[in-house]
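We name chains A, B, ... by the order of the sequence lines, and we start the count at 1 in each one.
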There are 2 protein chains.
Amino acid sequence: MYNELSPRKQAILKAIVDAYIESGDPVGSKTLTQSKQFVLSSATIRNEMAELEALGYLEQPHTSAGRIPTELGYRFYVDALMQDYALSQGELAELNSMLKAKSAEIDKLIHNAGKVMANLTNYPAIAVKQGQGKNTVTRFSLTYIDEGNFLLVMVCGSRSAKTRFVRTDIPVNEEVLRMLEQVLNNFVAGKDLSTLTLPYLMQMEQCLGNYAGLVSPIIKFVYEAVDKDEERALHIDGVDKLLEYPEFMESGKLKDMLGMFDRKDELFELLDEEGDDVTICIGREKGVEAMAGSSLVFKKIVVGGKTVGAVGVIGPCRMDYSKVVSAIRYLSDGIAGVLYTPQNGQLTAPTEQDDPNKR
Amino acid sequence: MYNELSPRKQAILKAIVDAYIESGDPVGSKTLTQSKQFVLSSATIRNEMAELEALGYLEQPHTSAGRIPTELGYRFYVDALMQDYALSQGELAELNSMLKAKSAEIDKLIHNAGKVMANLTNYPAIAVKQGQGKNTVTRFSLTYIDEGNFLLVMVCGSRSAKTRFVRTDIPVNEEVLRMLEQVLNNFVAGKDLSTLTLPYLMQMEQCLGNYAGLVSPIIKFVYEAVDKDEERALHIDGVDKLLEYPEFMESGKLKDMLGMFDRKDELFELLDEEGDDVTICIGREKGVEAMAGSSLVFKKIVVGGKTVGAVGVIGPCRMDYSKVVSAIRYLSDGIAGVLYTPQNGQLTAPTEQDDPNKR
DNA sequence: TTTTAGCACTCCTTTCGTTCAAGTGCTAAA
DNA sequence: TTTAGCACTTGAACGAAAGGAGTGCTAAAA
């Protein structure tokens with residue numbers, strides 16, 4: 001697909017993208033000849049640039065400005081030209097200190113990851129905690145509070161639990177709750193929602209006699225608990241960093257971004273991309289209009305085969321991809337490492353980290 | 001304190017603030033005479049304006065511009081001059097539809113409140129869910145998952161519960177968990193953290209024999225659970241609305257705002273103000289530098305004597321205070337109303353709203 | 001055939017002066 | 001005490017001119 005580009009064209013394209021990423025100004029032929037990396041006259045480079053433009057890799061904001069990469073240009077750059085960036089000692093230290101933080105609670109870890117990413121890369125960072133694909137409540141537990149109130153605990157899978165306070169006008173006691181608990185565990189635990197037909201629920205209500213009235217509110221909570229969207233959370237850190245890039249200062253770009261940050265649905269959509277390594281969305285590639293001029297780079301955090309979240313950054317298309325990619329890869333893998341316990345492939349409770357030689 | 005201002009000065013100040021709030025342009029003497037509300041010449045009004053400026057209520061961006069209110073001017077306006085705004089039918093409908101939403105779960109309610117506020121007022125809205133002042137776990141409950149894992153449920157007060165998954169290398173079963181549960185309820189439930197001295201904990205460990213090793217991780221979770229800050233959350237909706245006000249488009253104001261939105265600590269501080277009705281912070285009044293040129297209007301949501309959160313908006317000092325105040329008051333009280341159940345003064349479970357005549 | 005020097009041309013950006021309009025403060029008269 | 005009148009200030013808007021960066025093309029050189 002890209003074979004059409006001669007090595008020299010590639011080198012020139014790379015130089016242009018590199019320069020533009022750094023400066024933000026359109027780069028002209030003179031800039032390249034001055035950089036000494038080519039033993040060519042500016043005229044030759046101009047010819048090449050004109051061809052690269054014809055091929056769709058470059059564009060001119062206007063005659064007599066230099067060239068800037070198109071989305072296609074960036075795409076080729078990240079796919080084929082970009083060099084690996086070696087994180088500096090300081091950067092590694094920053095990332096590591098975050099990974100070694102006391103709490104390995106997933107929420108905090110992911111949230112902190114966002115802050116660190118934003119700081120390190122100087123782009124707004126996105127940190128997602130993904131809802132688990134669980135769609136059944138595996139176990140119910142009821143805790144008595146007083147006659148009119150009890151706590152409903154729903155365990156979903158082996159790594160998530162939801163609680164709800166239930167107020168009831170039918171006075172309950174420990175004994176009743178035990179019974180109700182058992183009924184719930186028999187009838188509902190482990191069952192798919194589709195099982196919960198009306199007749200099925202009525203059957204359940206019969207088992208409960210006077211307490212049948214509790215079924216419907218509880219079932220409502222069950223529905224809420226298994227709602228996948230419920231549990232996913234997306235944080236954006238360092239939004240103000242956008243202002244450091246002049247491309248956002250004018251026109252409606254900033255508004256588009258902030259609007260997208262506010263709504264979040266487009267972001268979730270973009271982040272749903274499959275792909276297990278770092279994913280790079282350049283501009284409108286994925287059909288999101290608000291992404292015009294901006295790129296999103298992220299990587300899922302996969303623990304024991306399950307995607308538990310993602311970290312990434314969003315910024316102008318002229319983003320320091322190589323550094324960003326390195327940082328994201330390191331952090332994403334690092335978080336996965338902290339959360340993973342080889343023995344059982346499960347998410348670990350925080351204590352596990354602090355006391356590894358307990359046994 | 002404000003007696004120094006003659007009624008006419010007050011009227012003129014009010015007219016200026018009103019006009020400036022609406023237009024955003026400095027208002028001159030001519031504008032006021034043209035508005036027909038004064039039977040005075042522009043010269044007279046100019047004199048009054050000059051005096052209001054000398055008194056610190058107005059300022060001029062530059063000679064030959066009209067006057068704009070100072071922070072003091074706004075302060076006087078909101079304290080003494082502002083008229084009540086009657087919410088329109090449409091606005092009331094919007095607010096009510098939100099209050100009648102299916103779920104009365106406090107998190108969602110408050111979160112939605114933010115969205116609605118931002119929409120209605122056209123300023124970014126702030127929605128806070130406050131950490132409850134609870135500082136003890138009132139009840140423990142353990143749920144068996146498998147030999148190496150169980151769920152720890154901590155009930156705090158009668159309106160909040162936390163869950164943690166505990167992984168253990170000491171195999172457990174239902175029976176052990178019952179015992180542990182009992183010990184926890186005896187030793188820790190309802191106790192202040194200061195009670196949990198090392199000797200006390202060791203005593204507890206003795207009761208548990210082989211399972212003493214579980215105490216320390218659990219106590220750590222207890223500490224986490226009662227951490228007040230843990231539970232408070234602050235959402236900001238409609239950040240992009242800031243861009244509709246030209247005052248933010250230039251200079252570093254926007255960056256200040258976004259930075260403040262990001263950090264949130266200054267916001268928490270501002271929102272900690274006491275005061276049970278709508279609170280209005282104008283500019284740097286409260287010493288927050290980033291608030292220069294912006295105002296924050298909010299009201300706590302108080303349910304049964306407890307502050308459970310707050311809603312507010314933040315925007316330029318030239319904010320439509322009267323509308324904002326009305327909307328915030330209505331919404332804050334409305335949410336409190338939805339959450340309050342007169343019979344017991346407690347937070348109610350969602351079902352309560354849908355099924356009020358269950359008994 | 002490829003590269004390069006030279007040059008005319010385009011178009012943005014900056015600067016600078018001019019004009020324009022808004023709004024003021026002051027003075028003197030009503 | 002109020003008002004008409006007027007000189008003055010000042011930012012905003014406009015346009016012309018200058019400057020500069022960068023291009024494409026042509027023709028010569030390699």
Side-chain angles (χ1 to χ4, degrees), chain A residues 4-13 15-17 19-20 22-70 73 246-247 249-251, chain B residues 5-13 15-20 22-70 73 246-247 249-251:
Chain A
E4 49 197 56
L5 287 193
S6 70
R8 194 172 70 177
K9 278 205 182 55
Q10 296 193 14
I12 289 176
L13 179 55
I16 290 174
V17 178
Y20 185 62
E22 203 193 307
S23 73
D25 294 325
V27 3
S29 54
K30 215 170 197 174
T31 318
L32 291 197
T33 46
Q34 277 164 354
S35 78
K36 310 278 187 199
Q37 55 180 311
F38 297 102
V39 283
L40 291 171
S41 73
S42 64
T44 310
I45 291 184
R46 266 202 302 282
N47 289 333
E48 293 285 48
M49 278 163 60
E51 284 179 56
L52 282 167
E53 180 168 0
L55 292 168
Y57 294 96
L58 295 177
E59 63 185 335
Q60 271 184 301
H62 54 84
T63 346
S64 101
R67 303 303 209 291
I68 62 176
T70 59
E247 34 267 82
M249 290 304 315
E250 53 202 11
S251 76
Chain B
L5 287 195
S6 70
R8 193 171 72 179
K9 278 205 182 58
Q10 296 194 13
I12 290 175
L13 179 55
I16 292 174
V17 178
D18 279 334
Y20 185 62
E22 204 194 307
S23 73
D25 296 325
V27 5
S29 53
K30 216 171 196 173
T31 320
L32 291 198
T33 47
Q34 277 164 354
S35 79
K36 308 281 187 196
Q37 55 180 308
F38 297 103
V39 283
L40 291 170
S41 72
S42 65
T44 309
I45 290 183
R46 264 199 308 279
N47 289 332
E48 292 284 49
M49 278 162 62
E51 284 179 56
L52 282 167
E53 180 168 0
L55 292 168
Y57 295 96
L58 296 177
E59 62 186 336
Q60 272 183 299
H62 54 85
T63 344
S64 103
R67 303 303 209 292
I68 62 176
T70 59
E247 35 267 81
M249 290 305 315
E250 52 200 13
S251 75

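Side chain of B:K30, nearest nucleotide from D:dA4, C:dG25, C:dG23: C:dG23. Side-chain atoms of A:N47 lie closest to C:dT4 of the nucleotides C:dG23, C:dC26, C:dT4. Closest to the B:T44 side chain, of the nucleotides D:dT2, C:dG6, C:dT24, is D:dT2.
Put simply, NE2 on B:H62 is 10 Å from P on C:dG23, counting in whole angstrom units. Atoms CG (A:L32) and P (D:dT23) sit 9 Å apart, rounded to a whole Å. In this structure, A:F38 atom CZ and C:dT3 atom P are separated by 13 Å, rounded to whole Å. Straight-line distance from the CD atom of A:Q60 to the P atom of C:dC11: 10 Å, rounded to whole Å. Between the P atom of C:dC26 and the CD atom of B:E51 lies a distance of 12 Å, rounded to the nearest Å. One interatomic measurement links the two molecules: CG of B:L52 to C1' of C:dT24, which rounds to 15 Å at whole-angstrom precision. In this structure, CD1 of B:I12 is placed 12 Å from C1' of D:dT2, rounded to the nearest angstrom. Separating the NZ atom of A:K9 from the P atom of C:dT2 is a distance of 10 Å, rounded to the nearest angstrom.
OP1 and OP2 of D:dT1 both lie 4.0 Å or more from every side-chain N or O belonging to B:R8. Phosphate proximity of C:dC11 to A:T63: present, with a side-chain N or O under 4.0 Å from OP1 or OP2. A sub-4.0 Å separation between OP1 or OP2 of C:dA22 and a side-chain N or O of B:S64 is absent.
Of the possible donor and acceptor atoms, one in the side chain of A:T70 sits under 3.5 Å from a partner among the backbone N and O of A:Y57. A distance-only check finds no donor-acceptor pair linking the side chain of A:S42 to the backbone of A:K30 [under 3.5 Å].
Scanning atom types as modelled, no donor and acceptor separated by under 3.5 angstrom connect the side chain of A:R67 and the base of D:dG24.
For CD of B:Q37, the number of neighbouring non-hydrogen atoms (other residues, nucleotides, ligands) closer than 6.0 Å is greater than 12.
Across all strands shown, C:dA30 forms a Watson-Crick or G-U wobble pair, both distances under 3.5 Å, with D:dT1. Summarising the base pairing, D:dC6 is matched to C:dG25 through a Watson-Crick or G-U wobble pair whose two defining distances lie under 3.5 Å.
Salt-bridge formation is detected for the pair A:R67/A:E53: a Lys NZ or Arg NE/NH1/NH2 atom is positioned less than 4.0 Å from an Asp or Glu carboxylate oxygen.
Residue B:S29 is in sugar-phosphate contact alone, with no base atom involved, counting any heavy-atom pair closer than 4.0 Å across all strands shown.
With the nearest nucleotide of DNA chain D identified for both B:P61 and A:R46, B:P61 has the one nearer the 5' end.
Side-chain contact between B:L32 and B:V27 is present, with at least one heavy-atom pair separated by less than 4.5 Å.
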